[in-house]
Undergrad: 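Handing you this structure, nothing more for now.
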There are 2 protein chains.
Amino acid sequence: MKNKNQNVIYTEVECAKNLAVVEDAMYVLGGKWKLRIVIALVSGYTRFNELQRRVTGISARVLSSELKSLELNGLVERIVHSESFPVIVEYLPTEYAETLKNLVSILGDWGRKHKSKIQGREVSNDTV
Amino acid sequence: MKNKNQNVIYTEVECAKNLAVVEDAMYVLGGKWKLRIVIALVSGYTRFNELQRRVTGISARVLSSELKSLELNGLVERIVHSESFPVIVEYLPTEYAETLKNLVSILGDWGRKHKSKIQGREVSNDTV
DNA sequence: ATTAGCACTAACCTTTTGTTTACTACTAAC
DNA sequence: GTTAGTAGTAAACAAAAGGTTAGTGCTAAT
């Protein structure tokens with residue numbers, strides 16, 4: 001048997017700290033849709049219906065509420081162009097959303113490697 | 001107005017690729033509990049009840065089913081010590097789980113910075 | 001003149017996720 | 001001998017997340 005709390009790698013306090021910080025992140029980014037929406041946004045898709053087409057499977061109701069949540073957390077800015085008619089709305093990723101690029105890229109790398117692992121294939125590099 | 005699909009940053013295909021790989025990752029790691037359990041595991045907590053104490057708020061039923069899912073995906077190994085009585089069970093993170101350390105660390109960093117941002121404080125470095 | 005597109009929202013319903021309680025059967029400590 | 005700990009599972013239920021349908025009021029294209 002390995003463990004009688006002698007060879008824990010992190011103390012309870014350290015473990016709790018690590019848990020706390022990823023919980024803080026997941027409070028903002030967690031769930032099925034938020035990171036996907038961010039990806040579509042930083043890819044340059046900024047209009048509501050366009051986002052719904054990119055983030056396949058999301059309903060208008062959920063997209064709407066997720067965008068509000070991302071806006072509250074400073075990751076998107078909602079811009080209404082009232083000079084045009086009918087009114088055009090854009091959702092622009094903020095500068096703060098840029099701080100997610102590294103995370104998204106690493107998560108994507110892991111996903112790509114995991115997929116090739118379970119498929120028993122080599123990893124290709126043709127991803128963006 | 002910024003965007004009439006002239007200044008998209010990534011093409012639809014590139015955006016779809018990026019979405020696909022993070023979806024692959026989130027299929028394995030998504031949800032409220034999986035990453036937290038991984039953190040507790042790599043911190044050296046390997047027994048069922050111990051894990052339930054570290055990952056605060058999780059119920060035995062959910063912990064049990066999440067551990068099964070992590071095992072299926074090669075991130076944990078369930079080891080039964082039948083030589084002892086009563087039987088002792090350990091959940092050990094696999095080598096494959098090590099590939100998540102970078103991701104977890106970056107997610108934690110983002111969470112820490114985000115928290116200090118919304119609290120208007122400086123970022124401290126006393127995290128593990 | 002009809003159809004599709006725009007940016008959503010409300011009401012209602014289903015699915016997923018999670019909780020609570022109780023139970024197993026045995027051991028170790030107080 | 002009572003209490004707590006071990007590693008869970010089953011059943012019943014509650015809460016959270018998400019989907020579906022319908023609709024607004026206007027424009028632009030066919």
Undergrad: Look at the side-chain heavy atoms of Ile, Leu, Val, Met, Phe, Trp and Tyr, link any pair under 4.5 Å apart, and say whether B:L92 and B:L72 land in one connected group.
TA: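 No; tracing contacts between hydrophobic side chains, which count when under 4.5 Å, never links both residues.
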Undergrad: Take the protein atom CZ of A:R47 and the nucleotide atom P of C:dA7, then report the distance between them rounded to whole Å.
TA: 4 Å
Undergrad: Reckon B:V89 touches a base, only the sugar-phosphate, or nothing at all at heavy-atom distances under 4.0 Å?
TA: sugar-phosphate
Undergrad: Can you tell me which residue pairs pass the salt bridge (charged side-chain N to carboxylate O under 4.0 Å, His left out) test with a partner in residues 62-82 of chain A, sequence neighbours excluded?
TA: A:K34-A:E66
Undergrad: Give the rounded distance in Å between these two atoms: CD1 of B:I58 and P of C:dT17.
TA: 13 Å
Undergrad: Side chain of A:R61, heavy atoms from C-beta onward: which of C:dT19, C:dC6, C:dA11 has the nearest atom to it?
TA: C:dA11
Undergrad: Would you classify A:S64 as touching base, sugar-phosphate or nothing, given that sugar-phosphate means primed atoms plus P, OP1 and OP2, and contacts are heavy atoms under 4.0 Å?
TA: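 Sugar-phosphate: the residue A:S64, judged by heavy atoms under 4.0 Å, touches backbone atoms but no base.
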Undergrad: Can you give me the first and the last nucleotide of DNA chain D (5' to 3') that has an atom within less than 4.0 angstrom of a non-hydrogen atom in chain A?
TA: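 The contacted stretch runs from D:dG18 to D:dT27.
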Undergrad: Just checking, A:K117 and B:Y96: is the charged tip under 6.0 Å from the six-membered ring centre and within 45° of the axis?
TA: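 Ring-cation test returns yes.
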Undergrad: In whole Å, I'd like the distance from the OH atom of A:Y91 to the C1' atom of C:dA7.
TA: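 One finds 7 Å between C1' of C:dA7 and OH of A:Y91, rounded.
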Undergrad: Which part of the nucleic acid, if any, lies within contact of A:G57, taking any heavy atom under 4.0 Å across all strands shown: a base, the sugar-phosphate backbone alone, or nothing?
TA: sugar-phosphate
Undergrad: So, are B:E90 and B:R47 salt-bridged, with charged N and O less than 4.0 Å apart?
TA: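 No, B:E90 and B:R47 are not salt-bridged.
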